[in-house]
Amino acid sequence: MPKRPNFTRFIATGAILGFLVGAWIAWSGVLEKPGATPQGYTYGVSDGIGIVGLLGAVLFGTIAAVIAVLVDRRNR
């Protein structure tokens with residue numbers, strides 16, 4: 001009988017990796033336009049890390065959950 005994936009570990013690993021990738025994107029400023037002037041609200045780096053990091057965690061966690069389901073279905 002094939003071994004089933006541990007869904008909690010899959011999702012947690014995806015969420016942690018997603019947060020780290022999102023935090024790096026926010027911290028490094030990869031997606032910022034050079035020379036752009038801020039309009040409206042301006043957020044600090046820590047705010048960006050939190051927001052983009054959580055977005056990455058949700059996105060990567062969801063992708064990891066889908067992969068875990070596909071692995072589980074393949075092992076049946």
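In what follows, every heavy atom counts, from backbone to side chain, and hydrogens, waters and symmetry copies are set aside.
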Subject >> Hydrophobic cluster identity match, V45 and V30, side-chain contacts under 4.5 Å >> reply: yes

Original post:
Between I25 and L17, is there a shared hydrophobic cluster once you connect ILVMFWY residues whose side-chain heavy atoms come closer than 4.5 Å?
Top reply: yes

Subject >> salt bridge (charged side-chain N to carboxylate O under 4.0 Å, His left out) partners for D72, two or more places apart >> reply: R4, R76

Original post:
So do V69 and F7 actually touch side chain to side chain, heavy atoms under 4.5 Å?
Top reply: yes

**OP:** Search all heavy atoms of A68 against all heavy atoms of P5 and return the closest pair with its distance.
**Re:** O-CG, 3.6 Å

Original post:
Which heavy atom of V52 sits nearest a heavy atom of G22, and at what distance?
Top reply: CG1-O, 3.3 Å

**OP:** Drop me the distance from N6's CG to T13's OG1, to the nearest 0.5 angstrom.
**Re:** 9.0 Å

Original post:
So, do I16 and F60 sit near enough that their side-chain heavy atoms are less than 4.5 Å apart?
Top reply: no

Subject >> Any residue meeting salt bridge (charged side-chain N to carboxylate O under 4.0 Å, His left out) with R9, in chain and number order, not counting sequence neighbours >> reply: none

**OP:** Tell me whether L54 is reachable from V21 by hopping between hydrophobic residues (I, L, V, M, F, W, Y) whose side-chain heavy atoms are closer than 4.5 Å.
**Re:** no

Original post:
Among the clusters formed by ILVMFWY side chains lying less than 4.5 Å apart, do I63 and F10 turn up in the same one?
Top reply: yes

Original post:
Taking atom CG of D47 and atom CD1 of I51, what is their separation to the nearest 0.5 Å?
Top reply: 6.0 Å

